[in-house]
A.B. asks: 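This is the structure I want to talk about, given as structure tokens.
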Amino acid sequence: MTDFKQLEQKLGYAFNNEKLLRQAVTHSSYSTSVSENYERLEFLGDRVLGVAVASLLYRMFPREPEGNLSQRHTALVCKETVAEVARHLELDKYIICTGDDIRENENVLCDVCEAVIGAIFIDSHCERAVDFVNEHWRELIDKNVAPPKDGKTLLQEVAHVLKHDFPVYKTEERTGAEHEPTFHVSVSIEGVGKEFGEGRNKKLAEQDAAWKMLERLGYKHG
């Protein structure tokens, strides 16, 4: 039996409606009902997270241009970062699903974390959900004072320095459900080869492919 009181302590938030918390950690493998699994809450939480992080960055970096803020935002709301927060909160221990492999899946961890944000939004109000994001994302911002580098921009610069042709990106396919797609993108440089990336949208997939190509050329992320 899942100990939701313990989970609430980890989250720093006590739910008025505990059913929302249960729904936020219930995977579709356990229940396909949209009123019981996390998919709708994840949809909402994803949007709340985006706005909350944008607001936080706007206030923390009053002198930065839009481009830098955008790069920071992309890094803070990407699958890997949200999954990192989920692991820190030990959400994997509370996911209700049919197999342990599901709990370890980075996409699922990301979705559950966003669903929890959505559940807090529904259970209380927007300000409390934003406070939750501020609390758990501020440390990630503080650890990375400089804005993250844009992989696509850097790859173009590196290709130019090494006298290669400009990188060419191509969307190979789109998989997954309509509401939860995964984009598969390739990037190729003549004389070097081709690398593949994936992400929850085309932009993130291109960034993933760009960093893999940079690694092939001898550059590491960060």
A.B. asks: Do Glu64 and Arg72 sit within salt-bridge range, that is, some charged N less than 4.0 Å from a carboxylate O?
C.D. replies: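 Yes, charged N to carboxylate O under 4.0 Å.
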
A.B. asks: When you check the gap from the basic side-chain N to the acidic O, do Lys79 and Asp111 get nearer than 4.0 Å?
C.D. replies: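 Answer for the salt bridge query: no.
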
A.B. asks: Can you name the residues that form a salt bridge (charged side-chain N to carboxylate O under 4.0 Å, His left out) with Arg103, not counting sequence neighbours?
C.D. replies: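 Salt bridge (charged side-chain N to carboxylate O under 4.0 Å, His left out) list for Arg103, sorted by chain: Asp100.
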
A.B. asks: Within a 6.0 Å radius of atom OH on Tyr30, are there more than 12 heavy atoms belonging to other residues, nucleotides or ligands?
C.D. replies: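 No, the 6.0 Å shell around OH holds no more than 12 heavy atoms from other groups.
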
A.B. asks: For the pair Glu206 and Lys203, find out whether any cationic side-chain nitrogen is under 4.0 Å from an anionic carboxylate oxygen.
C.D. replies: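 Judged by the 4.0 Å cut-off on N to carboxylate O distance, Glu206 and Lys203 do not form a salt bridge.
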
A.B. asks: Can you name the residues that form a salt bridge (charged side-chain N to carboxylate O under 4.0 Å, His left out) with Glu106, not counting sequence neighbours?
C.D. replies: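 Once residues adjacent in sequence are excluded, the partners of Glu106 under the salt bridge (charged side-chain N to carboxylate O under 4.0 Å, His left out) criterion are Arg87.
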
A.B. asks: Can you name the side-chain hydrogen bond (donor to acceptor under 3.5 Å, both in side chains) partners of Thr153, sequence neighbours left out?
C.D. replies: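 Checked Thr153 against side-chain hydrogen bond (donor to acceptor under 3.5 Å, both in side chains); matches are Asp150.
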
A.B. asks: Partners of Ala205 by side chain to side chain contact (heavy atoms under 4.5 Å, CB included), sequence neighbours excluded?
C.D. replies: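 Here the qualifying residues are Phe183, Val185.
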
A.B. asks: Using side chain to side chain contact (heavy atoms under 4.5 Å, CB included), reason through Leu89 and Tyr94 one step at a time and then give a plain yes or no.
C.D. replies: CA-CA 10 Å; Leu89 294 168; Tyr94 299 92; over 6 Å; no

A.B. asks: For Ser31 and Ser33, does a side-chain donor sit closer than 3.5 Å to a side-chain acceptor?
C.D. replies: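 No, no side-chain donor-acceptor pair sits under 3.5 Å.
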
A.B. asks: Side chains of Thr182 and Glu198: any donor to acceptor distance under 3.5 Å?
C.D. replies: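 Note: Glu198 and Thr182 side chains miss the donor-acceptor criterion.
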
A.B. asks: Under 3.5 Å, is there a donor-acceptor pair between the Tyr13 and Asp123 side chains?
C.D. replies: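 Judged by distance alone, the side chains do pair up.
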
A.B. asks: Under the rule for ring pair (Phe, Tyr, Trp, His ring centres under 6.0 Å), what residues qualify as partners of His184, not counting sequence neighbours?
C.D. replies: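 His184: no ring pair (Phe, Tyr, Trp, His ring centres under 6.0 Å) contacts found.
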
A.B. asks: Taking salt bridge (charged side-chain N to carboxylate O under 4.0 Å, His left out) as the definition, give me every residue that meets it alongside Arg174, ordered by chain and number, with sequence neighbours left out.
C.D. replies: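 Salt bridge (charged side-chain N to carboxylate O under 4.0 Å, His left out) list for Arg174, sorted by chain: Glu178.
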
A.B. asks: Is Lys212 salt-bridged to Asp208, cutoff N-O under 4.0 Å?
C.D. replies: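 Yes, Lys212 and Asp208 are salt-bridged.
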
